[in-house]
2 protein chains.
Amino acid sequence: MMPPGTWQRADIRLATGIAQAELIAVLAAVTDEEPRVMTVAAGQALPSGPFVSSHRSLQAGLRDWIEQQTGHPVGFLEQLYTFADRDRDPELAEARRISISYLGLVREQPAPGADRPEWHGWYEYFPWEDRRAGVPPVVERIVAELAAWAGSKSGRRQRIDYAFGLNGQGWNEDLALQRYELLYEAGLVPEAGRRDLPGLGLPMRGDHRRILATGIARLRAKIKYRPVAFELMPESFTLLRLQRTVEALAGLRLHKSNFRRQIDQQELIEETGEMAAETRGRPAMLYRYRATVLEARALAGTRLPISRN
Amino acid sequence: MMPPGTWQRADIRLATGIAQAELIAVLAAVTDEEPRVMTVAAGQALPSGPFVSSHRSLQAGLRDWIEQQTGHPVGFLEQLYTFADRDRDPELAEARRISISYLGLVREQPAPGADRPEWHGWYEYFPWEDRRAGVPPVVERIVAELAAWAGSKSGRRQRIDYAFGLNGQGWNEDLALQRYELLYEAGLVPEAGRRDLPGLGLPMRGDHRRILATGIARLRAKIKYRPVAFELMPESFTLLRLQRTVEALAGLRLHKSNFRRQIDQQELIEETGEMAAETRGRPAMLYRYRATVLEARALAGTRLPISRN
DNA sequence: TGACATATACTCAGATTGAGCATTACATCC
DNA sequence: GGATGTAATGCTCAATCTGAGTATATGTCA
């Protein structure tokens with residue numbers, strides 16, 4: 001069964017080694033204060049396809065492909081996760097399928113013409129994740145259903161409390177994946193093959209909705225400590241526009257002046273000198289990112305209680 | 001060339017879709033205040049091997065394998081990165097190889113008996129990463145060589161400054177991967193096929209040293225916001241022991257009382273009631289982790305300037 | 001008993017954060 | 001032309017968090 005070989009004694013031998021490889025992309029953009037994801041199959045799948053050669057690496061190949069498809073350069077591209085679960089594709093018995101997923105950010109959403117992939121709002125798939133206008137009504141029903149599923153199992157109850165911020169836990173927008181997985185486990189989404197509760201968002205093919213949730217969670221975590229939001233903005237922008245973009249991604253409202261303070265004490269941006277030509281209210285200054293600082297901050301880290309002697 | 005198929009118009013078509021899949025593990029433990037990694041081939045390779053079926057997922061298979069090999073349960077296991085670069089394995093022309101790497105933490109290092117994989121200290125491979133006893137002397141030479149390589153190219157100079165904390169940038173322990181990549185690009189490590197500067201640590205086969213650097217960087221970043229250090233500790237431990245473990249991973253000394261304050265205001269641990277039976281100094285209290293809190297904190301996130309209305 | 005050596009407790013100033021108020025600058029309506 | 005609406009920008013203030021250091025407690029060992 002197993003190929004003899006060059007491996008050492010401590011080899012990891014789990015399988016026969018041949019697999020079918022596939023790339024799946026979560027491509028995000030924010031337009032009109034709405035985060036969107038590129039889809040195919042009438043919004044029921046993420047763009048994906050077999051992977052092979054001709055390119056020097058996965059990343060390089062995917063980058064070219066995206067620029068071709070969207071007509072926009074990809075500012076940010078990062079691997080999400082690689083799956084190879086057996087039950088994902090029952091047809092393939094021997095050669096199991098390996099799916100490598102990526103998260104990419106593009107600056108603008110291309111006009112939805114014929115022959116073009118469609119873009120759908122994140123929150124069409126995850127209505128419970130958008131709290132910008134308050135807690136959506138569907139959450140109450142979700143929590144009730146989950147409570148029924150949990151019964152008296154305290155492990156389940158605790159997970160629900162954490163994920164949905166119940167019992168004084170506080171909502172954490174990063175837990176998008178955990179929330180989807182709870183719904184899946186509880187059989188509340190159609191992908192789980194059981195009940196189809198209305199109002200729980202559009203389903204997707206296979207585990208694509210789970211992959212999208214992974215991308216959302218990753219991006220939400222990342223905007224807090226890496227200047228990635230800029231990858232979604234046009235050349236120049238107002239501070240409010242930037243705030244609205246971050247809010248759209250996080251699904252939360254932010255405190256205006258504190259947001260501004262945070263931004264400018266990081267020195268990520270600088271004034272262009274121009275003013276925004278919007279209609280209502282006092283006109284705002286336009287800003288642009290400071291490329292050099294951005295690069296430095298892209299590497300910055302968090303802190304340990306270091307001792308300096 | 002390309003298989004016809006079920007894909008939509010927006011498919012990602014980069015390749016023919018068949019690949020050879022391989023798993024690579026970065027397995028870490030901390031013993032005697034020294035972080036170690038499991039190796040094979042006399043310390044020149046990470047354990048790896050072909051992947052196939054029999055297990056429900058990559059993660060599950062790898063977990064079993066590790067427990068079998070080390071005799072210890074794996075507390076923490078997380079995917080690092082998936083590579084599929086063409087030039088990695090020149091023999092395979094058609095079916096390129098996909099390498100999926102993982103980071104795992106085990107509680108103790110098994111006794112190195114015959115037929116057992118060996119464990120090597122991280123810092124044998126990356127001597128410049130350990131600053132617990134101050135900046136190692138080799139750093140001066142590294143920086144000089146890198147400066148020569150950079151010449152007057154300001155992009156390179158800037159990257160060097162960030163990575164090594166020069167010119168008032170401050171050392172960031174998380175940048176282990178970037179530092180290795182600089183050395184690689186500059187041709188200062190033997191893996192790059194050019195010069196072999198002595199004192200720059202042991203090389204590894206293929207890109208295994210790069211993968212190890214990825215694991216180190218990931219773990220260093222993670223200990224700051226997730227309670228993973230506990231996965232490396234025995235049942236009960238003193239606060240100093242915990243601090244020494246974190247210091248070993250970070251390659252830095254921490255401020256003692258601030259470290260303690262940080263730990264106990266997070267309520268991650270509780271007293272066992274016992275005292276440590278060590279010899280020198282005042283005996284310390286023994287602690288254990290609080291499983292439930294740990295689980296909650298495992299999900300905790302960082303903060304945005306949220307508005308509460 | 002006294003010299004170590006480490007544990008644990010406390011203090012304090014400076015920086016960061018969450019929240020809110022005040023003032024400014026336009027557009028538009030009457 | 002002045003009132004009104006809307007958003008931009010500036011400022012304040014208390015609470016909390018951090019970095020650094022000092023003081024005291026409790027063991028072992030010579």
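Residue numbering restarts at 1 for every chain, and letters A, B, ... go by the order of the sequence lines. Side chains are part of it too, since the values below use all heavy atoms of this structure and drop only hydrogens, waters and symmetry mates. Source: prediction; values computed, not measured.
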Visitor: Which residue in the set A/R131, A/R179, A/K224 passes side chain to side chain donor-acceptor pair (under 3.5 Å) when paired with A/E173?
Guide: A/K224

Visitor: Run the salt-bridge test on A/R132 and A/E34 with the 4.0 Å N-O cut-off and return the result as yes or no.
Guide: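 The answer is yes: the pair qualifies as a salt bridge.
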
Visitor: Figure out the CG/C1' separation between A/N258 and D/dT16, and round it to whole Å.
Guide: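 Those two atoms, CG and C1', are 14 Å apart.
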
Visitor: Restricting to nitrogen or oxygen on both sides, can you table the protein-nucleotides 27-29 of chain D pairs closer than 3.5 Å?
Guide:
residue, atom, partner, partner atom, Å
D/dT28, O4', B/T279, O, 3.4

Visitor: Between C/dT17, D/dG19, D/dT9, spot the one nearest the side chain of A/L239, thanks.
Guide: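 Of the options given, the side chain of A/L239 lies nearest D/dT9.
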
Visitor: What's the closest nucleotide to the A/M285 side chain, out of C/dA19, D/dT9, D/dA20?
Guide: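 Between C/dA19, D/dT9, D/dA20, the one nearest the side chain of A/M285 would be D/dT9.
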
Visitor: Given D/dA8, D/dG19, C/dT17, identify the nucleotide with an atom nearest to the side chain of A/R260.
Guide: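 Looking only at side-chain atoms, A/R260 lies closest to D/dA8.
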
Visitor: Taking CZ from A/F259 and P from D/dT9, how many angstroms apart are they, rounded to a whole number?
Guide: 13 Å

Visitor: Name the residue closer to the 5' end of DNA chain D, choosing between A/A284 and B/S257 according to the nucleotide with the nearest heavy atom.
Guide: A/A284

Visitor: One thing to verify: whether A/E270 and A/R290 come together as a salt bridge, which I'm taking to mean a side-chain N less than 4.0 angstrom from a carboxylate O.
Guide: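 A/E270 and A/R290: salt-bridged.
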
Visitor: Do B/R157 and B/I160 come close enough that some side-chain heavy atom pair is under 4.5 Å?
Guide: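 When only atoms from C-beta onward are counted, B/I160 and B/R157 do not touch, as no gap falls below 4.5 Å.
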
Visitor: Provide, to the nearest angstrom, the distance between the CD1 atom belonging to A/I269 and the P atom belonging to D/dA8.
Guide: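 Interatomic distance, CD1 of A/I269 to P of D/dA8: 13 Å.
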
Visitor: Let me know the distance between NZ of A/K256 and C1' of C/dT24, rounded to the nearest Å.
Guide: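 In whole Å, C/dT24 C1' and A/K256 NZ are 13 Å from each other.
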
Visitor: Dump the intermediate steps for salt bridge (Lys or Arg N to Asp or Glu O under 4.0 Å) on B/R159 and B/E181, then the final yes or no.
Guide: CA-CA 11 Å; B/R159 284 172 61 208; B/E181 287 189 332; over 6 Å; no

Visitor: I would like to know whether B/Y289 and B/M233 meet side-chain contact (heavy atoms from CB on, under 4.5 Å); could you show each step before the answer?
Guide: CA-CA 10 Å; B/Y289 356 95; B/M233 306 294 297; 4.0 Å; yes

Visitor: Is there a ring pair (Phe, Tyr, Trp, His ring centres under 6.0 Å) between B/F230 and B/F76? Walk through the geometry before answering.
Guide: CA-CA 10 Å; B/F230 301 109; B/F76 171 92; over 10 Å; no

Visitor: Report the distance from atom CD of A/Q262 to atom P of C/dG18, rounded to the nearest whole Å.
Guide: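 Answer to the nearest Å: 8 Å.
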
Visitor: Using five pairs at each end of the helix from C/dT1-D/dA30 to C/dC30-D/dG1 to define an axis, what is the angle between those two axes, to 10°?
Guide: 10°

Visitor: Given atom CD of A/Q265 and atom C1' of C/dT17, what is their separation to the nearest angstrom?
Guide: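 The answer, rounded to whole Å, is 9 Å.
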
Visitor: Does the ring of B/W171 carry B/R220 above it, NZ/CZ under 6.0 angstrom from centre and within 45° of its axis?
Guide: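 No, B/R220 does not sit over the ring of B/W171.
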
Visitor: Does the pair B/E274/B/R288 count as a salt bridge with the N-to-O cut at 4.0 Å?
Guide: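 Answer for the salt bridge query: no.
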
Visitor: Could you check how far NE2 of B/H255 sits from P of C/dA9, rounded to whole Å?
Guide: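 Rounded to whole Å, this separation is 15 Å.
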
Visitor: With the side chain of B/R261 defined as its heavy atoms from C-beta on, choose the nearest nucleotide among C/dT8, C/dT17, C/dC12.
Guide: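 Nearest listed nucleotide: C/dC12.
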
Visitor: Whole angstrom is fine here: how far is it from CD in A/Q243 over to C1' in D/dT9?
Guide: 13 Å

